Amino acid sequence: MLTVLRSCASCQLRPGQLHSAPIVQRAQAHSGRMIGSQAYTLQPSTGPRVSVNQARYLIGSGTAADLKLKGSNVAAEHAELQQKGKQVFLKALQGESVFDRTYTWIDDTEARANVSYVLASGSALAFGEQQQAFVVEFEEPSGANPLVEMMMKGMAASADEQVQKELSQ
């Protein structure tokens, strides 16, 4: 069982509000609540939302953690959420190689150690035990994805002359 020990001042979660609960399933749709481009929320399976307004948000059982969780499989620095623009990333910090157990799950799939994952709004995240989950919510970016645009430009640059001519029209 996981229990929140303490949360940071920018959070709305109070001590002791998280207890063992069923797994939070992937959200069906965005809640409709507008989340600013510089913020995202974590909705625990029980209790109020946690609003995050910082670029790096550390989750774990140690004193440096912004969201403190207690549990036998929760490391002092267990995972971190990072916001870059309108995208939110999750990195599991527990484990030394990509084959180690991390006890960090994204939509019921265990994350690999030290790999950054791009999250979709509505993703279910669990730390320490799968029974304790949060749903991350944020305003997803609209328009073209900069990473896809960069990849397409790279592929176009190495394409033959006829393809480049067609793309430039």
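Keep in mind it's a predicted model, so treat the numbers as computed, not measured. Because only heavy atoms are used, hydrogens play no part in the values below, and waters and symmetry mates are left out as well, while side chains stay in.
Pairing each heavy atom of L69 with each of V74, the nearest pair is O-CG1, 3.7 Å. Nearest heavy-atom pair across Q94 and A113 is O-CB, 3.5 Å. Shortest non-hydrogen contact noted between E110 and Y103 is OE2-N, 2.9 Å. What you find for A65 and A76 is that their closest heavy atoms are CB-O, 4.3 Å. Taking both residues in full, the closest heavy atoms of H78 and T104 are given as NE2-OG1, 2.9 Å, listed atom of the first, atom of the second, then distance. Closest approach of N114 and G95 over heavy atoms only: ND2-O, 3.5 Å.
In this structure, the side chain of D107 does not engage the main chain of S123 through any donor-acceptor pair within 3.5 Å. In terms of modelled atom types and a separation under 3.5 Å, the side chain of K68 and the main chain of T63 share a donor-acceptor contact. With hydrogens and angles ignored, the 3.5 Å screen pairs a side-chain donor or acceptor of Q83 with a backbone N or O of G85. The closest donor-acceptor contact from the side chain of E129 to the backbone of A133 lies at 3.5 Å or more, if one exists at all.
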*Stepwise side-chain contact (heavy atoms from CB on, under 4.5 Å) test for V136 and Y40*: CA-CA 7 Å; V136 63; Y40 56 95; 3.9 Å; yes
*asked:* I'd like to know whether S121 forms a side-chain contact (heavy atoms from CB on, under 4.5 Å) with E139, so could you lay out the CA-CA distance, the side-chain angles of the two residues, the decisive distance to 0.1 Å, and finally the verdict.
replied: CA-CA 7 Å; S121 185; E139 183 180 340; over 6 Å; no
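In this model, a donor atom of one side chain and an acceptor atom of the other lie less than 3.5 Å apart for D66 and Q54.
Taking the side chain as every heavy atom from C-beta outward, L93 and E80 approach each other to under 4.5 Å. Within the 4.5 Å cutoff, side-chain heavy atoms of K91 are placed close to those of S116. Proximity of E137 to V135: side-chain heavy atoms (C-beta onward) are separated by under 4.5 Å at one or more points.
Y117 and Y57 fall within the same hydrophobic cluster, where Ile, Leu, Val, Met, Phe, Trp and Tyr residues are linked whenever their side-chain heavy atoms come under 4.5 Å apart, directly or through other members. Cluster annotation: L81 is not connected to W105 through the hydrophobic network of ILVMFWY side chains, with a link wherever side-chain heavy atoms come within less than 4.5 Å. L67 and I106 end up in the same hydrophobic cluster when Ile, Leu, Val, Met, Phe, Trp and Tyr side chains are linked at under 4.5 Å. Each of L90 and L58 belongs to its own hydrophobic cluster when Ile, Leu, Val, Met, Phe, Trp and Tyr are linked at side-chain heavy-atom distances under 4.5 angstrom. Taking hydrophobic clusters as Ile, Leu, Val, Met, Phe, Trp and Tyr residues chained together by side-chain heavy-atom distances below 4.5 Å, V115 shares a cluster with L125.
Once rounded to the nearest 0.5 Å, the distance linking CD of Q43 with CZ of R49 reads 5.0 Å.
Ring orientation note: the planes of F127 and F134 are tilted relative to one another, at an angle of 30° to 60°.
For the pair K86 and F138, the cation-pi criterion (under 6.0 Å, within 45° of the ring axis) is not fulfilled.
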